[in-house]
Amino acid sequence: MRFHVLTLFPEMVLQGLNTSILGRAQEKGLIGLHAVDIRDYTLDRHGKVDDYPYGGGAGMLIQAQPVYDAFQSVAAGRRLRTVYVTPQGKPFTQKMAEEFALEEELVLLCGHYEGIDERVLEEIVTDYVSIGDYVLTGGELPAMVMIDAISRLVPGVLNNETSAQTESFSNHLLEYPQYSRPVSWHGKEVPEILLSGDHRKISRWRLERSVERTAAVRPDLYAGYQARQEAILSLSRHKREHIHMMEMLARGRGELLYHKGGDVMLYDRRSGTCLITAETEQGGRSMIKMLADPSASDLKNLQWFVVCQEFLVLVLKEAFDLHTSYQCCQACYTRKEPLAVRHKDIRNLDESGKAFFLEHYPYGDESYFKDRMASGFLYGAYVEGKLTGFIGLHDDGSMGMLYVDEACRGRGIGSSLEAYLINRLRELDWTPYCHIFSDNRESRLLQEKLGLYLSKDTIWWLGREAGMESGLSLSRQT
Ligand code: SAM
């Protein structure tokens with residue numbers, strides 16, 4: 001991802017962001033930081049960029065022309081997502097950071113003095129963002145705050161993406177208290193459970209502390225969390241049919257767009273997936289009407305619908321151009337005990353597995369491989385040091401991509417890969433689940449063998465673009 005910062009103080013931005021994690025991310029080429037000095041674009045002989053505001057009043061304003069030319073030096077006529085940082089903007093949130101992290105390029109415009117001539121803002125700015133209800137002397141610190149928060153969501157920037165998934169705000173809760181060595185300090189002990197090594201109990205304890213903390217200091221966030229818990233409860237009446245929606249909510253992913261009784265609609269921006277279930281066609285119709293509203297700009301990355309009832313397929317086809325349709329059943333692992341993993345050499349897939357992955361997984365391209373690798377949930381099975389199979393977590397949260405080399409099939413490598421992934425997910429107290437094409441008998445048998453429960457009802461994956469086949473289904477090719 002590339003950031004272009006239009007500023008009067010480029011060195012402040014460059015110096016402020018070139019150390020530690022963001023410095024390394026730049027060295028690795030995961031993010032690019034480009035600071036443009038607005039002053040370089042003034043036509044004034046003395047390098048002046050500001051002037052008095054018409055109508056009087058205190059202070060000076062940055063003029064339109066140098067800002068516009070500095071912008072065009074980057075955009076060159078392209079329409080780029082351009083944020084003006086201003087106390088008059090929408091408050092910056094983690095959700096916004098997630099949305100900006102999907103952009104390939106982002107322009108940040110920093111004001112100074114009393115601000116910037118309105119006319120150039122009207123021409124180039126797409127978003128107005130404030131970092132809080134206070135006034136700073138310039139936009140450089142707000143731009144840096146935004147770049148920091150956005151960059152750490154770019155795959156690969158944090159070594160372990162699960163840390164971004166479990167920290168404050170990521171599941172609408174504040175983070176739980178954390179402790180490091182020594183075990184005893186100033187007479188205070190680290191809570192015993194954290195020393196127990198029982199990952200599931202630790203996850204539960206952490207969740208409880210997060211809930212307590214959020215309820216105490218952020219009732220606004222807590223209300224959102226409670227709404228999600230209520231939706232999970234409604235969905236749990238048909239757990240096997242709704243596990244994908246329940247897990248998305250429980251893992252803090254996706255936004256609850258609507259919930260009333262058995263009608264629930266979620267949207268996950270990261271994977272561009274909208275999940276819908278409805279009790280009646282009428283309920284479904286009114287939810288889908290909300291989606292078709294062009295002002296629902298939050299949905300602009302929307303690529304997939306996953307729906308639980310056939311009538312929703314018909315209603316969606318009336319409202320959207322749909323080019324791809326798959327029928328699947330869901331399988332989920334709800335048992336407590338970890339699964340035995342017979343094949344021992346299973347580890348995280350790294351760059352060295354890219355060619356093998358791309359050769360054998362036809363539904364994902366290089367960027368999907370990188371994204372899944374960075375998620376920390378893409379595993380390879382090795383036989384005598386040679387990569388022979390893989391499995392991973394799709395960006396919507398379902399397990400999938402299972403593949404084993406033909407020559408090595410029948411040795412339990414596929415079931416070991418899936419058992420391994422299931423165990424990792426159970427450690428996080430997540431319920432592992434996958435989507436299987438309804439006619440994939442082989443995969444259904446594997447799920448049953450491993451102790452997963454299959455849904456009775458079908459779910460439909462509907463794609464808005466032809467050939468948009470990544471991000472779907474387990475075991476097309478076990
Ligand atoms: N006169 C402006 C107003 O009342 O909205 C304030 C100008 S401020 C002194 C100078 C610049 O700092 C702004 O143009 C903006 O880019 C930046 N700035 C100040 N406070 C900010 C905040 N809370 N969030 C984002 N940007 C801010």
Side-chain angles (χ1 to χ4, degrees), residues 1-17 22 31 33-42 44 47-75 79-103 105-153 168-169 218 220-221 297-298:
M1 172 162 194
R2 194 156 166 75
F3 297 98
H4 307 277
V5 186
L6 312 182
T7 166
L8 291 175
F9 301 96
E11 67 289 352
M12 179 174 173
V13 177
L14 293 173
Q15 281 169 16
L17 295 170
L22 297 197
I31 57 168
L33 187 57
H34 172 215
V36 181
D37 192 340
I38 297 172
R39 211 176 286 282
D40 287 345
Y41 293 86
T42 177
D44 183 88
K48 222 165 80 66
V49 290
D50 57 323
D51 212 330
Y52 294 99
Y54 280 118
M60 305 290 271
L61 272 190
I62 303 182
Q63 294 164 286
Q65 173 274 320
V67 172
Y68 187 74
D69 289 353
F71 171 76
Q72 286 304 350
S73 76
V74 173
R79 181 92 183 130
L80 289 180
R81 189 97 188 250
T82 303
V83 176
Y84 175 43
V85 285
T86 165
Q88 300 169 36
K90 283 194 190 149
F92 186 52
T93 59
Q94 186 68 17
K95 187 178 142 202
M96 259 190 207
E98 282 168 19
E99 199 210 314
F100 286 128
L102 296 172
E103 300 288 334
E105 280 183 89
L106 187 64
V107 180
L108 292 131
L109 171 60
C110 308
H112 219 79
Y113 316 119
E114 279 313 306
I116 300 179
D117 190 308
E118 192 70 21
R119 292 166 297 183
V120 68
L121 301 178
E122 286 167 7
E123 287 207 14
I124 67 171
V125 172
T126 55
D127 302 79
Y128 294 81
V129 179
S130 161
I131 62 155
D133 287 344
Y134 38 79
V135 180
L136 300 160
T137 54
E140 286 70 24
L141 287 171
M144 286 155 73
V145 166
M146 287 185 65
I147 292 170
D148 190 305
I150 296 165
S151 297
R152 58 201 302 290
L153 300 173
S168 293
F169 306 118
R218 289 292 301 272
D220 55 328
L221 282 182
S297 60
D298 263 8

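Sequential numbering from 1 along the given sequence is applied to the chain's residues. Both counts, for ligands and for their atoms, begin at 1 and track the order of listing. All values derive from a computational prediction rather than experimental measurement. Heavy-atom basis, side chains included; hydrogens, waters and symmetry copies ignored.
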Mind checking whether His112 and Phe9 have parallel, tilted or perpendicular rings, split at 30° and 60°?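 His112 and Phe9: tilted rings.
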Can I get a per-line list of side-chain donor-acceptor pairs under 3.5 Å for residues 81-89, giving both atom names and the distance, sequence neighbours left out?
from	atom 1	to	atom 2	distance (Å)
Arg81	NE	Asp127	OD1	2.9
Arg81	NH1	Glu99	OE2	3.0
Arg81	NH1	Glu103	OE2	2.8
Arg81	NH2	Glu99	OE2	2.9
Arg81	NH2	Asp127	OD2	3.0
Thr82	OG1	Leu80	O	2.9
Thr86	OG1	Gln88	N	3.0

Distance check, rounded to the nearest 0.5 Å: Tyr68 atom OH versus Arg119 atom CZ?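 One finds 13.5 Å between OH of Tyr68 and CZ of Arg119.
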With a 4.0 angstrom cut-off on heavy atoms, strictly below it, pick out the residues next to ligand 1 and order them by chain and number.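 Only Tyr84, Val85, Thr86, Pro87, Gln88, Gly111, His112, Tyr113, Glu114, Gly115, Val129, Ser130, Ile131, Gly132, Tyr134, Val135, Leu136, Thr137, Gly138, Gly139, Pro142 have heavy atoms that fall under 4.0 Å of ligand 1, ordered by chain and number.
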Exactly one of Leu109, Val125, Asp117 should register a side chain to side chain contact (heavy atoms under 4.5 Å, CB included) with Val67. Which one does?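 Only one option passes, and that is Leu109.
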Any donor and acceptor pair, going by atom type alone, linking the side chain of Thr42 with main-chain N or O of Lys48 inside 3.5 Å?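 Such a contact is found between Thr42 side chain and Lys48 backbone.
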Side-chain donor or acceptor of Gln65 paired with backbone N/O of Tyr41 under 3.5 Å: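 Here the side-chain-to-backbone pair exists.
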